[in-house]
**Student:** 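My structure is below; once you've seen it, I'll send some questions.
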Amino acid sequence: MDEQSLVPLIAQTRLSSVITQDSQASARQHLFDGNAETCWTSSQGAPQYIDVRFTRPVHLNKVLVQFQGGFAGKTTRLMDRSQVEATTAAKEICVLHFDDNNRRQTAELPVECREGEYSRVALVFPGSTDFYGRVVVYTLDLIGRPADTADASHAADAPSDGTPSAEAGAHLVIS
């Protein structure tokens, strides 16, 4: 099956924080509404994160994000939280690199990370380009496919032990 937005498969989203005038519910909605006029604004401090639980396991291929320039995550760690409850105990899938600008950006996961099955992931921002550690995200999309639709040709590309490399980097495309 071709890749698709995984937003319809999101069961729950948790945020590390929200700025005081925003509620958790509206901030979560703003991440995925596709409206460039709405956003999630974290409060100050680090780390900040977006935790997403899916209705069923998925394979991730890309992360699309639009930050507000000056409020971007310096480095973004994509974490597998399928088996854990604390962000610090999560297993790193890969590190994503985005530029500090207002443009919609796409980070493609390395091939060895695409075949993992994830029921819960977190985008963790250990630091921000903002002096106070705030992160502002206008749009977020996770692209991939449900794990149960994988075909045999993709399975042959997976690492022999089935574990993605934690040292893999992601390729950045700015649109």
Side-chain angles (χ1 to χ4, degrees), residues 3 5-7 9-10 13-17 31-32 39-54 57-145 147 150 154 157-175:
E3 61 185 30
S5 172
L6 298 174
V7 170
L9 297 179
I10 294 175
T13 304
R14 293 183 181 184
L15 304 170
S16 53
S17 65
L31 283 172
F32 303 109
C39 64
W40 163 58
T41 302
S42 74
S43 58
Q44 63 186 13
Q48 299 293 336
Y49 64 85
I50 302 167
D51 182 306
V52 176
R53 185 172 54 86
F54 297 100
V58 300
H59 296 290
L60 288 173
N61 295 346
K62 300 175 187 173
V63 175
L64 286 69
V65 66
Q66 182 180 2
F67 291 105
Q68 178 176 327
F71 296 88
K74 284 184 182 175
T75 300
T76 303
R77 296 194 181 322
L78 181 61
M79 308 296 286
D80 179 4
R81 299 214 43 222
S82 301
Q83 304 296 322
V84 296
E85 290 302 318
T87 301
T88 55
K91 180 179 177 184
E92 186 172 286
I93 299 169
C94 65
V95 175
L96 307 173
H97 299 281
F98 296 102
D99 293 330
D100 180 17
N101 63 43
N102 297 331
R103 300 168 84 185
R104 187 171 177 162
Q105 303 173 65
T106 302
E108 296 183 17
L109 273 63
V111 174
E112 64 270 19
C113 300
R114 294 181 189 173
E115 293 306 316
E117 291 187 12
Y118 310 110
S119 58
R120 186 174 178 186
V121 297
L123 294 167
V124 179
F125 310 103
S128 166
T129 56
D130 174 54
F131 178 77
Y132 298 103
R134 296 170 293 190
V135 176
V136 179
V137 177
Y138 280 90
T139 59
L140 178 65
D141 200 354
L142 304 169
I143 306 297
R145 67 185 190 284
H154 291 296
D157 296 334
S160 59
D161 66 354
T163 1
S165 166
E167 306 218 356
H171 177 69
L172 173 67
V173 177
I174 299 177
S175 52

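Just so it is clear, the values below take in all heavy atoms, side chains as well, and ignore hydrogens, waters and symmetry mates.
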**Student:** Please find the pair of heavy atoms, one from R114 and one from L109, that lie closest to each other, and give the distance.
**Tutor:** NE-O, 2.7 Å
**Student:** If you measure from CG on L64 to CD on E108, what distance do you get to the nearest 0.5 Å?
**Tutor:** 9.5 Å
**Student:** Quick check for you: to the nearest 0.5 Å, what is the distance between N101 atom CG and F67 atom CZ?
**Tutor:** 9.5 Å
**Student:** Is R145 paired with E117 through a side-chain N to carboxylate O contact shorter than 4.0 Å?
**Tutor:** no
**Student:** Which pair of heavy atoms, one from R120 and one from R14, lies closest together, and at what distance?
**Tutor:** NH2-NH1, 4.1 Å
**Student:** Answer whether the closest heavy-atom distance between the side chains of F54 and V121 falls below 4.5 Å.
**Tutor:** yes
**Student:** Minimum heavy-atom separation for H97 to T75, with atom names?
**Tutor:** CE1-CG2, 4.3 Å
**Student:** For S119, what residues pass the side chain to side chain donor-acceptor pair (under 3.5 Å) criterion, not counting sequence neighbours?
**Tutor:** S82
**Student:** Determine which pairs satisfy salt bridge (Lys or Arg N to Asp or Glu O under 4.0 Å) with at least one residue from residues 40-49, sequence neighbours left out, and list them in order.
**Tutor:** none
**Student:** Are T76 and V124 close enough, and set up right, to give a side chain to side chain contact (heavy atoms under 4.5 Å, CB included), and what steps lead you there?
**Tutor:** CA-CA 6 Å; T76 303; V124 179; over 6 Å; no
**Student:** Using every non-hydrogen atom in the two residues, find where N61 and E3 come nearest and quote the distance to one decimal.
**Tutor:** ND2-OE1, 3.0 Å
**Student:** Extract all donor-acceptor atom pairs below 3.5 Å that involve side chains of residues 125-141 and protein atoms in other chains or at least two apart in sequence.
**Tutor:**
{"unit_1": "S128", "atom_1": "OG", "unit_2": "A72", "atom_2": "O", "d": "3.4"}
{"unit_1": "S128", "atom_1": "OG", "unit_2": "D130", "atom_2": "N", "d": "3.0"}
{"unit_1": "S128", "atom_1": "OG", "unit_2": "R134", "atom_2": "O", "d": "2.5"}
{"unit_1": "T129", "atom_1": "OG1", "unit_2": "G70", "atom_2": "O", "d": "3.3"}
{"unit_1": "T129", "atom_1": "OG1", "unit_2": "F71", "atom_2": "N", "d": "3.4"}
{"unit_1": "T129", "atom_1": "OG1", "unit_2": "A72", "atom_2": "N", "d": "3.0"}
{"unit_1": "T129", "atom_1": "OG1", "unit_2": "A72", "atom_2": "O", "d": "3.4"}
{"unit_1": "T129", "atom_1": "OG1", "unit_2": "D100", "atom_2": "OD1", "d": "3.4"}
{"unit_1": "T129", "atom_1": "OG1", "unit_2": "D100", "atom_2": "OD2", "d": "3.4"}
{"unit_1": "D130", "atom_1": "OD1", "unit_2": "R134", "atom_2": "NH2", "d": "3.1"}
{"unit_1": "D130", "atom_1": "OD2", "unit_2": "Y132", "atom_2": "N", "d": "3.2"}
{"unit_1": "D130", "atom_1": "OD2", "unit_2": "G133", "atom_2": "N", "d": "3.3"}
{"unit_1": "D130", "atom_1": "OD2", "unit_2": "R134", "atom_2": "N", "d": "3.0"}
{"unit_1": "D130", "atom_1": "OD2", "unit_2": "R134", "atom_2": "NE", "d": "2.8"}
{"unit_1": "D130", "atom_1": "OD2", "unit_2": "R134", "atom_2": "NH2", "d": "3.4"}
{"unit_1": "Y138", "atom_1": "OH", "unit_2": "Q68", "atom_2": "OE1", "d": "3.2"}
{"unit_1": "D141", "atom_1": "OD1", "unit_2": "S5", "atom_2": "OG", "d": "2.7"}
{"unit_1": "D141", "atom_1": "OD2", "unit_2": "S5", "atom_2": "OG", "d": "3.4"}

**Student:** Considering only heavy atoms from C-beta outward, does the side chain of L142 approach that of V58 to under 4.5 Å?
**Tutor:** no
**Student:** When you measure from the side chain of Q105 to the backbone of D99, do you find a donor-acceptor pair of N or O atoms at a distance under 3.5 Å?
**Tutor:** yes
**Student:** Any side-chain heavy-atom pair from I143 and T106 closer than 4.5 angstrom?
**Tutor:** no
**Student:** Taking atom OG1 of T13 and atom CH2 of W40, what is their separation to the nearest 0.5 Å?
**Tutor:** 11.0 Å
**Student:** Nearest 0.5 Å please: distance from the NE2 atom of H59 over to the CG atom of L6.
**Tutor:** 10.5 Å
**Student:** Does some side-chain heavy atom of I50 sit less than 4.5 Å from a side-chain heavy atom of L15?
**Tutor:** yes
**Student:** Closer than 3.5 angstrom, by distance alone: can the side chain of S16 be matched with the main-chain N or O of Q48 as a donor-acceptor pair?
**Tutor:** no
**Student:** Under a 3.5 Å distance rule, please check whether S43 uses its side chain to pair with a backbone N or O of S17 as donor and acceptor.
**Tutor:** no
